[in-house]
Amino acid sequence: MAVSQLPKLNLLLLSTPVGAIGSGLGGGVELTLTNIARSLIALGHSVTVVAPEGSVLDEIPLVQIPGNLQITAQSQGRDALITLPANSVLGNCWNYARQVQHQYDVLINFAYDWLPFYLTPSFERPIAHLVSMGSLTDAMDHIIGEVAEQFPNTIAVHSLAQADTFSFRDRCFNLKNGFDLSQYQFNSTPNNHLAWVGRIASEKGLEDAVAAVQQLEIPLKIWGVIQDESYWNNIRANYPNAPIEYCGFLSTQDLQKALGQSRALLMTPHWIEAFGNVAIEALACGVPVIAYRRGGPAEIVKESETGWLVEPDSVAGLVEAISKLEKIDRANCRLDAEREYSLEAMGKRLEIWLDRIVQSQNF
Ligand code: UDP
């Protein structure tokens, strides 16, 4: 465990307004926030989480905020305007934060939304922003860039590739991610099937994995929330004979058990995936990862040690990589997750980041 250089902090973590924690609609942010909260608590800091009503979070103080959910940024175009629904849960969360801010040392924002960045100069407490996606809209780039300039050290990202999508790349702290590895069991004897895990939405590129298994006639099990129903229906219509099975959205406990039985995880994103939590979850179970050489997964997968990287958008590349799977030692995969992505490893990075914020705010 890291020896803290920091004073013990009282921290308010504000979750994504696109879905309740536990719903899956918030994507990787839900688990990321949970893991960061656990990691900070293990280091002796005190943590309260603010999240949309309906959120579930075991053993971590939680303030549930009512209101209407935000639309996800990745479903809009580059020139998308900033929009908020009536009675916005995002607005309500930050109104709450404004009122209670003096009880906390630092606020940590997990929302990829304009409002918390815009409000940053008007808060009296420092706000640390964990940016969960790469560049998507001009309005977001602009406001995050302004905060990066005005409040040095307050912007963190999950990978260098994600930072590289922004003009303020050099001002980003690379936090990567971390997981409670005791929740993931190593499995050395998989079944024959492959796995695909994630939100079922066009940026995740599920169709490429389906096309690959159709060619190979190897079963593919799919886990995750169906975020875009028509996208999913199109895949089923376009690949009627593919050996695929949709297995629903599972809790971490059930997901890791099912995932561990897979020969490999296929990651086929069409966007620059900021990190790709599911890559680490697979490695933690001893499951090799086959991913496009793009975004976060390209920084996670170690070629021929923990999986294979494939030319982006190449189904033929996926097919070839699947044929080389027996060269990967599953024990190496688990070891790699333990080395870099444990809660302890992330805790060290978190404290460096928070320390810089506290120092630069003369806390
Ligand atoms: N997930 C889950 N149950 C499932 C499928 C996925 O809890 O059945 C979670 C998974 O643990 C991961 C998240 O969904 O934390 C997906 O996050 P990722 O970073 O891979 O992608 P994102 O959705 O953020 O683009």
Side-chain angles (χ1 to χ4, degrees), residues 15-38 55-58 72-75 110-113 130-136 157-159 161-162 165 175-181 183-185 195-206 209 220-228 231-232 245-262 265-285 287 289-292 294-301 307 337 341 343 346:
S15 188
T16 171
V18 305
I21 298 173
S23 69
L25 293 172
V29 177
E30 296 178 25
L31 185 63
T32 299
L33 179 142
T34 308
N35 289 338
I36 286 180
R38 290 207 177 114
S55 290
V56 180
L57 205 50
D58 285 345
T72 54
Q74 69 269 28
S75 55
F110 290 77
Y112 191 98
D113 287 280
L130 178 51
V131 178
S132 57
M133 293 186 276
S135 168
L136 288 174
V157 292
H158 292 294
S159 66
Q162 180 199 356
T165 65
L175 183 63
K176 303 184 185 178
N177 232 341
F179 297 77
D180 179 355
L181 297 174
Q183 293 193 339
Y184 299 84
Q185 256 182 319
W196 190 97
V197 185
R199 288 175 296 107
I200 299 179
S202 63
E203 68 271 14
K204 298 298 232 175
L206 170 60
L220 178 72
K221 294 197 176 194
I222 299 163
W223 290 277
V225 162
I226 300 178
Q227 200 168 38
D228 183 341
Y231 168 72
W232 170 237
E245 182 188 353
Y246 176 62
C247 306
F249 177 77
L250 303 184
S251 65
T252 299
Q253 197 185 5
D254 293 337
L255 178 66
Q256 65 83 27
K257 199 185 285 175
L259 186 54
Q261 292 163 5
S262 313
L265 175 75
L266 303 184
M267 290 188 78
T268 48
H270 288 172
W271 69 342
I272 296 183
E273 184 89 39
F275 187 74
N277 279 356
V278 298
I280 309 301
E281 298 185 87
L283 296 178
C285 301
V287 176
V289 178
I290 292 174
Y292 288 151
R294 162 197 280 158
E299 289 169 31
I300 295 169
V301 175
Y341 302 105
L343 284 191
M346 181 174 62

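This chain uses plain numbering: 1 for the first residue, then up along the sequence. Both ligands and their constituent atoms are indexed starting at 1 by order of listing.
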In the protein, what heavy atom is nearest to [atom], and what distance, to one decimal place, separates them?
{"atom": "atom 2 (C) of ligand 1", "answer": "Phe249 CE1, 3.2 Å"}
{"atom": "atom 23 (O) of ligand 1", "answer": "Arg199 NE, 2.7 Å"}
{"atom": "atom 5 (C) of ligand 1", "answer": "Val197 CG1, 3.5 Å"}
{"atom": "atom 16 (C) of ligand 1", "answer": "Gly28 N, 3.7 Å"}
{"atom": "atom 10 (C) of ligand 1", "answer": "Glu281 OE2, 3.1 Å"}
{"atom": "atom 19 (O) of ligand 1", "answer": "Asn277 N, 2.9 Å"}

Measuring only between side-chain heavy atoms, which start at C-beta, is [X] closer than 4.5 Å to [Y]?
{"X": "Ile222", "Y": "Trp232", "result": "yes"}
{"X": "Ile200", "Y": "Tyr231", "result": "yes"}
{"X": "Phe275", "Y": "Thr32", "result": "no"}
{"X": "Thr252", "Y": "Leu31", "result": "yes"}
{"X": "Leu220", "Y": "Leu266", "result": "yes"}

Is the shortest N/O to N/O distance between [X] and ligand 1 below 3.5 Å?
{"X": "Gly27", "answer": "no"}
{"X": "Trp271", "answer": "no"}
{"X": "Trp223", "answer": "no"}
{"X": "Leu250", "answer": "yes"}

(request) Could you tell me whether a side-chain N or O of Gln256 sits under 3.5 Å from a main-chain N or O of Glu281, the two making a donor and an acceptor? (result) no
(message) So does Gly224 get a backbone contact from the side chain of Tyr246, meaning a donor-acceptor N/O pair under 3.5 Å?
(response) yes
Heavy-atom distances under 4.0 Å are what count here, so tell me which part of [X] touches ligand 1: side chain, backbone, both or neither.
{"X": "Leu255", "value": "side chain"}
{"X": "Leu31", "value": "side chain"}
{"X": "Lys204", "value": "side chain"}
{"X": "Phe179", "value": "neither"}
{"X": "Glu273", "value": "side chain"}

(request) Answer yes if a protein heavy atom lies under 4.0 Å from atom 14 (O) of ligand 1, otherwise answer no. (result) no
(message) With side chain to side chain donor-acceptor pair (under 3.5 Å) as the test, pick out the partner of Glu273 among Lys204, Gln162, His158.
(response) Lys204
[X] touching ligand 1 at heavy-atom level, < 4.0 angstrom:
{"X": "Gly248", "result": "yes"}
{"X": "Gly24", "result": "no"}
{"X": "Gly198", "result": "no"}

(request) Using a cut-off of 6.0 Å, state whether more than 12 heavy atoms not belonging to Glu299 lie near its atom CD. (result) yes
